[in-house]
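As the structure lists them, so they are numbered: ligands from 1, and atoms in each ligand from 1. Throughout, numbering of the chain's residues begins at 1 and tracks the sequence.
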Amino acid sequence: MAGKDSVAVLKGVGKQAAETLKEMNIETIHDLIMTFPYRHEDFQLKDLVDTPHNERVTVEGRVESEPSVLFLGKNKSRTTVQVMVGRHLIKAVFFNQHYVKTKLHIGEIVTLTGKWDRGRQIITVSNHSLGPRTDGADFEPVYSLKGSMHQKTFRKLMRQALDLAKDDLEECIPSKFLAEYKLAPLTEALEWVHFPPDGESLKQARRRFVYEELLMFQLKMQALRKKNREEEGGSFIDYDVDKVRNFVQSLPYELTEAQKRVVNEISKDMKEPFRMNRLLQGDVGSGKTVVAAISLYATVTAGLQGALMAPTEILAEQHANTLAEWFEPFPVTIALLTGSVKGKKRQLILDQLAAGQIDILIGTHALIQPDVQFKKLGLVITDEQHRFGVDQRRVLKDKGYNPDVLFMTATPIPRTLAISAFGEMDVSVIDEMPVGRKEIQTFWMKKDMFGKIVGRMEKELAAGRQAYVICPLIEESDKLDFQNAIELYSQLSSYFHGKYTVGLMHGRLHSDEKEETMRSFTEGEIAVLVSTTVVEVGVNVPNASFMLIYDAERFGLSQLHQLRGRVGRGSEQSYCVLLADPKTEVGKERMTSMTETNDGFVLAEKDLKLRGPGDFFGRKQSGLPEFKMADLIHDYRALETARKDAESLVNSDEFWTSSETECLRNMLEESGALSMARLD
Ligand code: ADP
Ligand code: MG
């Protein structure tokens, strides 16, 4: 097996080279050949007539004059020679390469690569070779290297490695897919991805590796999904349909069709003996909380406990209040557990929880602290899932629980990302807003309009509505000249003095203060809430109809959409004003997009295009793998195909037994997807 051999068997790999290669994570021949170039130098012959000014070009021609050298001082020279390229007589200029003079003779054929000066008909040569073009020299791979490793050396090693390995490469893609998509077989594709004979083979090699990567990736996801569902001790939540129906009828409004549909999807999962692992997506304001409440209630009617986790205390608190109201006529005991519930109060909750006297526990991640023990946990719901850094599922599992799991997110995740980051989950979507909602009207204004906007805000306040003023930072910082919440707060306080109460909310407030401020705002005692982005997720005050977002260019589109979603939650017309002087085109485009649509999915796709997938979920927890070849946005069609193929593979008996798929099974085994609870 040449592939498993150490790179030390290659000619030219001594101790130092081996070390440099190791730094690049290359230890075996296989590692080496799987290190793909990040681009190719293009030496394809081009026609000068089609070559734009200042573009790099490779041409072949005949030397027409003796070279003349001009010495320009120490080690500096300029050598010029006339060359006939097709029917063009051009000048080739070589800097600091006076030795070419002895090599270039009239009548000789040369290949030249360099920058084309169209006006002066000059090529400034960076690469040249004597004699006519040889086959296979059109593309030269360029690798990302470390230390003192040179491209030339590395290419030579690659050449040797490919020749050594080519006879025992193992094809992992099942032949039916190779045939169906006309994919290049592994041996060819590997050769071509490094040393393509022409542009088309490079393209084909890439196409194959993109598919292969995505297939492997989706296989892991699908294998995991299958495993999760079939896991021993999967929960079976035998809820009482009539009781649940009664609860739904007691709610203050009728569910939208979309809400009914997802409630059904969730109920079906709960009744089945496998574990639910579901993502519930719904744009801001689409009404996910009530779906959570129904699912939790169903769990309680089955004699089990439920938990609802929120990313912030404000939101946990709000959920607790909402649920307390809805469950009021029903025999359900709920409790709130956040970081600020301490001492005796906390101990009491823990005791009652362990004794099964609490049916539903609502809280922040304080909920999954080690000392929190449930009696019989059936369902865990996480609101705004992507904001959690921890893998709650594993934490729960480590604690010996194996509940059904529902993740709710208002960040509309473009499908390509949803099936990537959450590929092992089932997905439900609320794609409809409750009736009677009016579209939020969004305006983008320059910062010098502030005074006028405050006037407009006052009009809303006079009509009995409330307003949010959002700004990015809490305190003044020398580096960043953002307007800060505290300053805005004092400005607005004096402006509205004696007329309207202004409140201040930011992350550094004590949780009691936050709670109190939120309560006053919810109850209408505070008319204007100046806040940082702590209100970004989930907060629901339907009477608020006006939002001013200061320094809006500092936020991403999805975040702006989240923020804006705090208004437009009642039946009144709502307004959102983005105050921003964006300096970049992307910044301007963001503002314009916000004024053009209220559709979170449209904005999410836009955001993804403007920022790229890495940034989409925020830096920390993208959950997205790194690919060598594939690009989740560009290759979304291949991703869809790979997902479908992976699904059909893992669900066929053949996949688990046939020798053709052994390679894929080994890969799954190695990746740990067959033994782990969740991939990282
Ligand atoms: P989100 O999906 O953003 O979490 P919420 O669950 O907070 O949204 O719901 C937003 C608002 O819409 C709340 O005031 C909620 O009571 C209300 N709501 C939810 N479902 C309906 C419905 N079917 N009809 C009318 N109002 C609804
Ligand atoms: Mg919500």
Side-chain angles (χ1 to χ4, degrees), residues 244-245 247-266 278-297 308-312 314-328 360 362 381-388 406-413 427-440 465-466 468 518 521-524 533-545 547 558-574 576 598-601 603-604:
V244 175
R245 215 168 266 151
F247 175 64
V248 172
Q249 265 154 20
S250 78
L251 290 167
Y253 35 72
E254 202 192 335
L255 297 185
T256 62
E257 287 310 310
Q259 283 170 325
K260 285 181 196 161
R261 190 186 65 239
V262 305
V263 165
N264 283 336
E265 286 166 2
I266 294 165
R278 191 170 277 279
L279 179 71
L280 173 59
Q281 284 196 59
D283 208 343
V284 268
S286 62
K288 292 181 293 296
T289 317
V290 70
V291 174
I294 296 167
S295 314
L296 288 167
Y297 183 70
L308 175 58
M309 262 198 287
T312 62
I314 297 178
L315 195 51
E317 174 98 8
Q318 180 188 286
H319 281 330
N321 291 336
T322 311
L323 265 58
E325 208 170 289
W326 286 338
F327 288 137
E328 216 266 312
I360 295 170
I362 299 161
I381 301 180
T382 1
D383 198 11
E384 303 303 343
Q385 191 271 336
H386 73 281
R387 304 203 147 249
F388 283 97
L406 181 69
F407 295 98
M408 305 200 294
T409 176
T411 305
I413 305 166
V427 179
S428 288
V429 184
I430 306 183
D431 50 7
E432 179 189 0
M433 287 288 173
V435 285
R437 292 277 171 80
K438 294 199 177 73
E439 286 248 307
I440 303 165
R465 309 278 128 65
Q466 288 161 279
Y468 291 97
M518 214 51 229
F521 188 59
T522 309
E523 287 171 15
T533 51
V534 288
V535 298
E536 179 188 339
V537 287
V539 170
N540 186 38
V541 179
N543 188 47
S545 63
M547 173 173 283
S558 291
Q559 201 178 7
L560 285 173
H561 182 63
Q562 277 291 320
L563 285 167
R564 175 171 64 181
R566 297 313 111 215
V567 296
R569 303 191 140 237
S571 50
E572 299 302 330
Q573 176 61 55
S574 289
C576 175
N598 265 300
D599 186 327
F601 280 89
L603 288 170

Out of Lys288, Arg437, Arg569, who gets a non-hydrogen atom closest to atom 12 (O) of ligand 1?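 Comparing heavy atoms across Lys288, Arg437, Arg569, the nearest one to atom 12 (O) of ligand 1 lies in Arg437.
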Between Gln562 and ligand 1, which residue portion shows a heavy-atom distance shorter than 4.0 Å: side chain, backbone, both, or neither?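 Neither; nothing of Gln562 gets under 4.0 Å from ligand 1.
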Using a 4.0 Å heavy-atom cut-off, which part of Gln259 comes near ligand 1: side chain, backbone, both, or neither?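 The answer is the side chain of Gln259.
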Please check if the side chain of Asn598 supplies one atom and the backbone of Ile440 the other of a donor-acceptor pair under 3.5 Å.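 Yes.
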Using modelled atom types only, decide if a donor and an acceptor are shared between the side chain of Arg566 and the backbone of Ser545 within a distance under 3.5 Å.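 Not at all, since once roles are kept as given, no pair shorter than 3.5 Å links the two residues.
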Considering only heavy atoms of [X], which atoms of ligand 1 have at least one such atom less than 4.0 Å away?
X      : answer
Leu255 : 23 (N)
Thr289 : 4 (O), 5 (P), 6 (O), 7 (O)
Thr256 : 23 (N)

What's the separation between atom CG in Leu406 and atom CZ in Arg278, rounded to the nearest 0.5 Å?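 It comes to 8.0 Å.
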Among all residues two or more places apart in sequence or in another chain, which pass the side chain to side chain contact (heavy atoms under 4.5 Å, CB included) test with Lys438?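 Side chain to side chain contact (heavy atoms under 4.5 Å, CB included) check on Lys438 returns Gln573.
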Which residues share a side chain to side chain contact (heavy atoms under 4.5 Å, CB included) with Glu257, sequence neighbours left out: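 Glu257 satisfies side chain to side chain contact (heavy atoms under 4.5 Å, CB included) with Lys260, Glu432 only.
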Under 3.5 Å between some N or O of ligand 1 and some N or O of [X]?
X      : answer
Val284 : no
Gly282 : no
Trp326 : no

Once you measure the plane-to-plane angle for Phe247 and Phe327, does it fall in the parallel (<30°), tilted (30-60°) or perpendicular (>60°) bin?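 Parallel, since the angle between the ring planes stays under 30°.
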Check Lys288 with Asp283, please: is the shortest side-chain N to carboxylate O separation under 4.0 Å?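 Looking at Lys288 together with Asp283, the answer is no, because their closest N to O distance does not fall below 4.0 Å.
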Measuring from non-hydrogen atoms of Met408 to any atom of ligand 1, is the shortest distance under 4.0 Å?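 Met408 does not count as a contact of ligand 1 under the 4.0 Å cut-off.
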